[in-house]
Amino acid sequence: LSDWICFSVAPIPSIMEKAFRGLDAATLVTIFLSTNVMFCFVEPYLIVRRGLRRVVVDGCWLMFAGCLLRSGLPGHPMTSQTGIVVGTILVGAAQPFFQCTPALLAAAWFGPNERVLATTVAINANQIGIAMSYIVGAYMVKDTDDIHSYFLVITAFSTVLLLLGLFFFKSEPPTPPSFSGMEKGADSPGRSGGALGVVGTAGTPSRRAFAVWLEVISGMKDLLLTKGFSHPLAAFMVSIGITNVVSTFLDHLLSHLGFHQHIVGIVGALFQAMIMIGSLIIGSIVDRNKRYYRTTMFCFYLSFLWLFACSEKTLRGASFCASILALGFFVGPIQPITAELAVEVTFPADENAIVAVQMVFGNLFSAVLLPICNAARHLHLKEYGMRMDYVLLLALCGSGGFFFSTFDAPLLRLKSELAGADNDVQGSRSPLKKSGAAASSFDDEL
């Protein structure tokens, strides 16, 4: 839902600019992502102080307030640019409370052969939201008067989500589902109250809060210095940057080729669907074979190929759309796979802090990249027949893949799981019993 709000006007940029002069889709997305970055630093601290359930419910309240401010009440639409911007800021502030927690949820609720898929589903829920923006926005908004009804629909969804979170969301199951979960639970008895295991800090509440904040910042610094963490971080940034740029400017790409707004909506939704489908299929494969490195490199190769195909000036109509959809299928899985890879190489570091760091850098990178691509899309390299924004994305994808190819770090969590499986005398509790090709795959990746 938060990403639906972020990209809510991406399919209708001209109508939005007509209703709120000077307020374009790229500006709102940049504001949203910039706010997201700032609150990604706050979210791990709040997880420590308030616990996962309270933070998620707080995020639901904050997102509901932002949606209500953007839409206004029925019959009383928001007509102020300031109201739209402030509402967008509130939702951007709420998003890290949902977006930074998938790896933490996966570690708490799922076994080792399910985590990549669980993280994939959670992270790619963003794509469902962006797809909704293209389907509902493109079909519901025909003129400026329709924006109010469109925003009210989003507010209704945020109300339902708030009620569901308030009454049904739980932080963790009664017992850990894996050996690494039990190991972390034993090492960090305060885990349920603090994702970073910061407990028992003495002193006044303000001193305890300051101590926890320093611990959060120190934990993020340690992650950045951990061997192997920079590679999945860079790959994550490249993937989220490409998908955000394409999602923001897809209307411009397709309308210039003569596509109707409804067709733009369908293609935009299908692009997000291909990101999800690719992530689910490839993520489920990685869950079984644990080949994080090889799979990520494969996705980089194919992403570069289809991005190059999109940049071909002679490509039109169905061929262009097919290339865009294929790009989504291969560039999308890089995010959940590298999120899990980062957890692997930093084990037993906190999963929530890991994804928070990735989201900080990923969204900050997108917030910088979007204005650059917004300016570059009007420039052309005539001798090559390519727009500068495609050149930038190709350079980004190629350099990201090249840097990731130098990855060389042990998978510490997988080692812990295998050690736990070997120590289980009966072997019946372990989903990681090795045999044949599976053992070879695990050993190769380790």
Look at the rings of [X] and [Y] and say which category their plane angle falls in: under 30° parallel, 30 to 60° tilted, over 60° perpendicular.
X    : Y    : result
F403 : H231 : parallel
W61  : F64  : perpendicular
F298 : F330 : perpendicular

Spacing of [atom1] belonging to [X] relative to [atom2] belonging to [Y], to within rounding of 0.5 Å:
X    : Y    : atom1 : atom2 : result
I130 : T248 : CD1   : OG1   : 8.0 Å
S158 : R70  : OG    : CZ    : 10.5 Å
C397 : L305 : SG    : CG    : 10.0 Å
L233 : T226 : CG    : OG1   : 11.5 Å
F32  : S366 : CZ    : OG    : 11.5 Å
I147 : I12  : CD1   : CD1   : 5.0 Å

Chi angles and distances behind the side chain to side chain contact (heavy atoms under 4.5 Å, CB included) call for L28, D24: CA-CA 7 Å; L28 285 175; D24 58 70; over 6 Å; no
Does any donor atom in the side chain of [X] or [Y] lie under 3.5 Å from an acceptor atom in the other side chain?
X    : Y    : result
E340 : Y292 : no
Q335 : S279 : no
S71  : T155 : yes

Residue K170 excluded, over 12 heavy atoms near NZ under 6.0 Å: no
Side chain to side chain, I84 and L23, heavy atoms closer than 4.5 Å: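 Yes, their side chains come closer than 4.5 Å.
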Charged tip of R53 within 45° of F169 ring normal and under 6.0 Å: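 The answer is no, since R53 fails at least one limit relative to F169.
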Aromatic contact, F157 with W4 (centres under 6.0 Å):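 Yes, the ring of F157 comes within the 6.0 Å limit of the ring of W4, centre to centre.
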Donor-acceptor under 3.5 Å (S239 side chain, V331 main chain):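 At least one qualifying donor-acceptor pair exists.
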Backbone N/O of D143 and side chain of D146: donor-acceptor pair under 3.5 Å: yes
Test side chain to side chain donor-acceptor pair (under 3.5 Å) applied to D3 and Q95, step by step: CA-CA 8 Å; D3 257 20; Q95 190 181 53; 2.4 Å; yes
